[in-house]
Amino acid sequence: EFRRVLFRSKGCVFANFALDGSGKGQLDAGLLQLNNAVGFLVDHVYVYDGGTPGEAGSSGVNGITMSAGDFGATGSEGWIRNCLVERTTKAGFNVSTETVNVVIENCIARDCEGNGQTPGFQVLGAENAKLIGCTAYRNEGVGFVLGTTGTDVSTYRFAKYGIVANCHAYENGQGTTEGHGFKVENVAGQVS
């Protein structure tokens with residue numbers, strides 16, 4: 001049975017459990033979804049089988065996702081470490097919509113596929129996101145992407161001041177659209 005976990009909290013710890021999407025999920029949600037969560041820790045969590053295999057990207061399901069919700073809201077501030085996400089139809093790890101100060105460390109995203117360009121790790125419109133020691137393996141699209149949210153330049157939310165360090169991307173680009181290991185586009189500020 002599909003379980004979506006939505007936490008709006010402060011100072012929470014989520015550790016040592018698995019979330020099985022059973023090949024289902026809610027449109028654009030994550031199996032573990034953290035919106036406006038401040039001060040959270042996600043540690044040793046296994047997330048798998050989110051979304052229906054073969055579904056269009058617009059119907060996909062992320063693995064672990066966080067956002068600030070509405071623009072101008074308080075962004076997520078937390079740490080995700082030692083987690084494995086596999087077989088989701090959207091990004092394994094998704095950081096978006098003005099999320100701030102998130103660290104993703106020693107995590108793996110593998111075998112994510114859904115629309116020809118499903119990434120392992122996706123940071124869109126976030127600030128001060130750090131990906132450290134992570135691995136993207138055999139994902140349909142790019143291994144790691146840092147970029148903007150939206151398609152209209154007047155409403156872009158840029159990724160700012162990101163750090164990607166000691167990460168590995170291999171055998172990504174299994175789909176028909178993208179084959180990048182790391183992709184950085186339309187980023188404001190400094191990314192290293």
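The figures here come from the full heavy-atom set of this structure, side chains too, leaving out hydrogens, waters and symmetry mates.
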Legend entry - Inter-residue atom distance Lys183.NZ - Leu146.CG, 0.5 Å rounding: 11.5 Å
Inset, instruction - Would you name the heavy atoms of Cys83 and Ile64 that are closest together and state the gap between them? - result: CB-CD1, 4.2 Å
Inset, instruction - Go through the steps to decide whether Val45 and Phe17 satisfy the test side-chain contact (heavy atoms from CB on, under 4.5 Å), and finish with yes or no. - result: CA-CA 5 Å; Val45 174; Phe17 64 91; 3.8 Å; yes
Legend entry - Side-chain donor/acceptor of Asn172 to backbone N/O of Ala136, under 3.5 Å: yes
Legend entry - Flag side-chain contact, heavy atom, 4.5 Å: Val42 against Trp79: no
Inset, instruction - Evaluate the side-chain proximity of Val95 to Ile104: yes if any heavy-atom separation is below 4.5 Å, no if none is. - result: yes
Inset, instruction - Could you name each residue pair satisfying salt bridge (Lys or Arg N to Asp or Glu O under 4.0 Å) that touches residues 33-49, not counting sequence neighbours? - result: Asp43-Arg81, Asp49-Arg87
Inset, instruction - Measure the shortest side-chain to side-chain distance between Phe14 and Leu41 over non-hydrogen atoms and say whether it is less than 4.5 angstrom. - result: no
Legend entry - Rounded distance [0.5 Å steps], CG in Leu31 versus OG1 in Thr88: 7.5 Å
Legend entry - Smallest separation among heavy atoms of Phe182 and Cys167, with atom names: CZ-O, 4.0 Å
Inset, instruction - For Thr89 and Val61, indicate whether the former's side chain and the latter's backbone hold a donor-acceptor pair under 3.5 Å. - result: yes
Legend entry - Non-hydrogen side-chain atoms of Val85 and Phe93 separated by less than 4.5 Å: yes
Legend entry - Lys90 versus Cys112, closest heavy-atom pair with distance: O-CB, 4.0 Å
Inset, instruction - Supply the atom-to-atom distance Leu84 CG to Asn106 CG, rounded to the nearest 0.5 angstrom. - result: 12.5 Å
Inset, instruction - Would you check, one step at a time, whether the test side-chain contact (heavy atoms from CB on, under 4.5 Å) holds for Ile80 with Cys107? - result: CA-CA 8 Å; Ile80 298 171; Cys107 292; 4.0 Å; yes
Legend entry - Heavy-atom closest pair, residues Glu140 and Thr118: OE1-OG1, 3.3 Å
Legend entry - Beyond-backbone contact of Asp20 with Tyr48, side-chain heavy atoms, under 4.5 angstrom: yes
Legend entry - Co-membership, hydrophobic cluster, residues Val102 and Ile108, 4.5 Å side-chain: no
Inset, instruction - Could you tell me the separation between the CD1 atom of Ile132 and the CD1 atom of Ile163, rounded to the nearest 0.5 Å? - result: 7.0 Å
Inset, instruction - State plainly whether the residues Arg110 and Glu86 are in salt-bridge range, i.e. N to O under 4.0 Å. - result: yes
Legend entry - Transitive ILVMFWY side-chain link Val164 to Met66, under 4.5 Å: yes
Legend entry - Distance-minimising heavy-atom pair for Cys134 and Phe144: O-CZ, 3.7 Å
Inset, instruction - Using atom types as modelled and distance alone, determine if a side-chain donor or acceptor of Gln122 lies under 3.5 Å from a backbone N or O of Pro119. - result: no
Inset, instruction - Give the C-alpha distance, both sets of side-chain angles, the deciding distance and a yes or no for side-chain contact (heavy atoms from CB on, under 4.5 Å) between Tyr170 and Tyr137. - result: CA-CA 5 Å; Tyr170 55 101; Tyr137 174 58; 2.9 Å; yes
Legend entry - Any donor-acceptor pair under 3.5 Å from Thr65 side chain to Gln33 backbone: no
Legend entry - Any donor-acceptor pair under 3.5 Å from Asn139 side chain to Ala109 backbone: yes
Inset, instruction - Kindly compute the distance separating OH (Tyr46) from CG (Asn82), expressed to the nearest 0.5 Å. - result: 15.5 Å
Inset, instruction - Might you point out which heavy atoms bring Asn94 and Ser96 nearest each other, and give the distance in Å? - result: ND2-OG, 3.7 Å
